[in-house]
K.L.:
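Below is one structure. I have some questions about it.
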Amino acid sequence: MTGTDAPAWPQCGHLDMGERCRGRRVGSYTFCLAHLDSAERAAHLASLTPGADLDHRGTPFTQSLLDELLAPLRDPGSRRARVGEASFDEVRFTGDAEFEGIDFGGFCSFASAVFGGGVYVREVHAGGDFRLGAAQVAGDVWLDDTEVGGGAWFYEVRIKGTLRFCVHEVGRGAMFKGMTCGDAYFSGVRVCGVASFDGADIGGDMPFAEAHFAAEATFDGAAVGGDLSFSGARLEAGVGFRRAVFRRTARIGPLVCPGTVDFSDAVFEAAVTLEAAAREVRCRRTRWASTAALRLRYAGVNLSDAVVEFPVTVVGRPRPFFSPEGEVIAEPGLTDDRVRVTSVKGVDAAYLVLADVDLTGCLFVETVHLDQLRLEGRCILSPPPVGLRWIRRRTLAEEHHWRATRYGDGWMPAPPGVETHEPAVLAPVYRQLRKALEDGRNEPGAADFYYGEMEMRRHDATASRGERTLLRMYWALSGYGLRAVRALAWLVLAMTATVLAMMLWGLPQADPDPVSAGTTNDHRVALTTRKPAPVNPEGPYTRRLSTARFEKSVRVVVNSVIFRASGQDLTTTGTYVEMTARLVEPALLGLAILAVRSRVKR
């Protein structure tokens, strides 16, 4: 409690302008250390020995008074002061406060203290906690060459200047929750427990050069005004930036983390480049109010419900990151070098670019403007299971989930909590992805998405029976106009059947010779030529399979394929066989040509 509230300690009896000093009484004296007369102060200081506890809560201090207090606690040889536990809560420092060469056996607390200048802590060792919570500092706060055996508590501290937290080691957690300051430097610090920057407001840059976080670091709800550099930093657990606001942040990273980097519900107000190597990067409901480039390694990326207002590029980076000194940054604990986009569900993909990423497990259903998604470089999708039953193509994870419920083995089942969608839902997804690749002039790449669209339409239970029957025929004959081998196989089979039909029933027993009959009348001759009807072949079928009949049948079939009449005399059966062949075989040839064109078109 502050202000007019009575303090929780024996209060100094000094009155100034009718207001009572909040300082703690010293021993049996009536006044605090600042208001003792010279004789009383000298007597009290003379009673102090190295290792004594200090309790001067609420006391007004100057640097000279602090030096006077610490003088009897210093070892004559090392000149280091030894203090037990130190309570300086709600103290008021006039000007700068310097704490140098001090060993605190227990905690050192400056909770709710007010500093008129800066706070400079050098070569200090605290066996317990170091607490600056809710303090107000008019200048900088520097902690150099310092060790904290307990936790570092900077919650809700207000620093008008710069925080330089160069602590060798913090034995437990570090709490910077609700802190406000300008730039904040955390060079070389090692935090053994959780480091919390939740709700902190950092006006400028926030470098973590050579920092080491043995547990999770969280920046939930923080506001950062500058860059976050993690050059040489070592993070052994996850990093959370949930609901954080990045005002003028141009760069984050390179950040190497064997756990999860979570930007869920974060807001990026300026153009940013994020470089990270992590097991997972979550950007659920993240909002980009400007352009962004996410250059990632190893990570599984979840973009569910992200708000993309400007172009955002997610790139799988094949090369490791380098430090400013040109050295390769180590990536311990990371083994799967694929960058896997796991979901773009709920995203407006009009400004989204995915480049060189793995999409084998990506969820696309419910994505908006999916036809405007840009896929650059080598983006991998799941193939069907190995086997003659399944055509090799690129398939969506959602199709795997549906087919796993129907066919089981080989197809990838839906992970726990992921909904399985029916073909009627998946067909438009394939259609929009096909259009996205076609608009990018990637016709061969779009062919697999067209095949997937047609497959989903064929299996759509809500479609009419007639439509599904036509699609089954289209699939069986040519794989929807995309499988040239299948169409050619049917063409060869049809031609073979036509040749056999012609040899067995279509060609006449013999080519009929024309017969001419005429009359003479006063030297005028009138001739009428008649061609006898072709005679159906007779005799055993083996005799009809002769070389001559085969040659004639092939001629008929080849002409039928190119939609021409052969001019060969045919039986009635042969005529109908030729008519059927002239209808079917050119169509099969056309389907084969169409399939080849779909794979080579530019």
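Keep in mind that this is a model prediction, so the values were computed, not measured. Note that the numbering runs from 1 along the sequence shown for the chain. Note that these values count all heavy atoms, side chains included, but never hydrogens, waters or copies made by symmetry.
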K.L.:
Under 3.5 Å, is there a donor-acceptor pair between the side chain of S382 and the main chain of T360?
P.N.:
yes

K.L.:
Looking only at atom types and distance, does a side-chain atom of T367 sit under 3.5 Å from a main-chain N or O of V344, one as donor and one as acceptor?
P.N.:
yes

K.L.:
Is it the case that the side chain of E398 and the backbone of V365 share a donor-acceptor pair, with hydrogens and angles ignored and the cut-off at 3.5 Å?
P.N.:
yes

K.L.:
What is the ring orientation for F176 with F165, classed by angle as parallel under 30°, tilted 30 to 60°, or perpendicular over 60°?
P.N.:
perpendicular

K.L.:
Verify the neighbour count for atom CZ of F321: are there more than 12 heavy atoms of other residues, nucleotides or ligands below 6.0 Å?
P.N.:
yes

K.L.:
For the residue pair F268 and W288, does the interplanar ring angle fall in the parallel (under 30°), tilted (30 to 60°) or perpendicular (over 60°) class?
P.N.:
parallel

K.L.:
With no hydrogens and no angle check, just 3.5 Å: does a side-chain donor-acceptor pair link E455 and Y430?
P.N.:
no

K.L.:
So do the side chains of L375 and L359 get within less than 4.5 Å of each other, counting heavy atoms only?
P.N.:
yes

K.L.:
Could you tell me which non-hydrogen atom of W390 sits nearest to which non-hydrogen atom of P384, and how far apart they are?
P.N.:
CB-CB, 3.8 Å

K.L.:
Can we say R285 and D265 salt-bridge, meaning some charged N sits less than 4.0 Å from an Asp/Glu carboxylate O?
P.N.:
yes

K.L.:
Is there a side-chain contact between D460 and R468 (heavy atoms, below 4.5 Å)?
P.N.:
no

K.L.:
Using 4.0 Å as the upper bound for N to carboxylate O, is an ion pair formed by R247 and E269?
P.N.:
no

K.L.:
Taking C-beta and beyond as the side chain, do V191 and F186 meet within less than 4.5 Å on heavy atoms?
P.N.:
no

K.L.:
Scan the side chains in residues 415-427 for donor-acceptor partners under 3.5 Å anywhere in the protein, sequence neighbours excluded, and list what turns up.
P.N.:
from	atom 1	to	atom 2	distance (Å)
E422	OE1	W402	NE1	3.4

K.L.:
Could you tell me how the ring of W153 sits relative to the ring of Y155: parallel (under 30°), tilted (30 to 60°) or perpendicular (over 60°)?
P.N.:
perpendicular

K.L.:
Ignoring hydrogens, what is the shortest heavy-atom contact between C362 and A397? Give both atom names and the distance.
P.N.:
O-CB, 3.6 Å

K.L.:
Are there more than 12 heavy atoms of other residues, nucleotides or ligands under 6.0 Å from atom CZ of R295?
P.N.:
no

K.L.:
Are any of the side-chain heavy atoms of L294 and C283 separated by less than 4.5 Å?
P.N.:
yes

K.L.:
Indicate the atoms forming the closest heavy-atom contact of F246 with A266, along with that distance.
P.N.:
CE1-CB, 4.2 Å

K.L.:
Would you call the rings of F130 and F110 parallel, tilted or perpendicular, taking 30° and 60° as the class edges?
P.N.:
tilted

K.L.:
Do Y480 and R458 have a side chain donor and acceptor closer than 3.5 Å?
P.N.:
yes

K.L.:
Between F197 and F219, what is the ring plane arrangement, given parallel below 30°, perpendicular above 60°, and tilted in between?
P.N.:
parallel

K.L.:
Name all residues meeting the side-chain hydrogen bond (donor to acceptor under 3.5 Å, both in side chains) criterion together with H212; count only those two or more places apart in sequence or in a different chain, and write none if there are none.
P.N.:
R190, E236

K.L.:
Main chain of T342, side chain of N302: is a donor-acceptor contact present, judged purely on distance under 3.5 Å?
P.N.:
no

K.L.:
For D227, does its backbone N or O pair with a side-chain atom of D205 as donor and acceptor, under 3.5 Å?
P.N.:
yes

K.L.:
Check whether any side-chain heavy atom of L396 sits under 4.5 Å from a side-chain heavy atom of F364, and report yes or no.
P.N.:
yes

K.L.:
Where do A237 and C257 come nearest, in terms of heavy atoms and distance?
P.N.:
O-SG, 2.8 Å

K.L.:
Among I252, V261, V314, find the residue that satisfies the side chain to side chain contact (heavy atoms under 4.5 Å, CB included) test when tested with L274.
P.N.:
I252

K.L.:
Identify the two heavy atoms, one from G316 and one from V357, that lie closest to each other, and give their separation to 0.1 Å.
P.N.:
N-CG1, 3.9 Å

K.L.:
Measuring from L437:CG to L373:CG, what's the distance to the nearest 0.5 Å?
P.N.:
8.5 Å

K.L.:
Of all heavy-atom pairs between C192 and G171, which one has the smallest distance, and what is that distance?
P.N.:
CB-O, 3.2 Å

K.L.:
Test your reading of the model: is there a side-chain donor-acceptor pair from T260 to the backbone of D262, 3.5 Å cut-off?
P.N.:
no

K.L.:
Is a donor on one side and an acceptor on the other found under 3.5 Å between the side chain of R297 and the backbone of P318?
P.N.:
yes

K.L.:
Hey, are the side chains of Y451 and R434 touching, using non-hydrogen atoms and a 4.5 Å cut-off?
P.N.:
no

K.L.:
Please check this pair: side chain of S229 against backbone of P207, looking for a donor-acceptor N/O pair closer than 3.5 Å.
P.N.:
no

K.L.:
Do D220 and T218 have a side chain donor and acceptor closer than 3.5 Å?
P.N.:
no

K.L.:
Output yes when a side-chain donor or acceptor of T146 lies under 3.5 Å from a complementary backbone atom of D144, and no otherwise.
P.N.:
yes

K.L.:
Is there a donor-acceptor pair closer than 3.5 Å between any side-chain N or O of Y298 and the backbone N or O of R279?
P.N.:
no

K.L.:
More than 12 non-hydrogen atoms from neighbouring residues, nucleotides or ligands closer than 6.0 Å to CZ on R374, yes or no?
P.N.:
no

K.L.:
May I ask you to test the R172-D129 pair for a side-chain heavy-atom distance under 4.5 Å?
P.N.:
yes

K.L.:
Do any pairs count as a side chain to side chain donor-acceptor pair (under 3.5 Å) and have a residue in residues 306-317, sequence neighbours left out, and if so which ones?
P.N.:
R287-E309

K.L.:
Is there a side-chain contact between H401 and M412, using heavy atoms and a 4.5 Å cut-off?
P.N.:
yes

K.L.:
With a 4.0 Å cut-off, would you call R164 and D140 a salt bridge?
P.N.:
no

K.L.:
With the threshold set at 4.0 Å, does a side-chain nitrogen-carboxylate oxygen contact exist between R340 and D358?
P.N.:
no

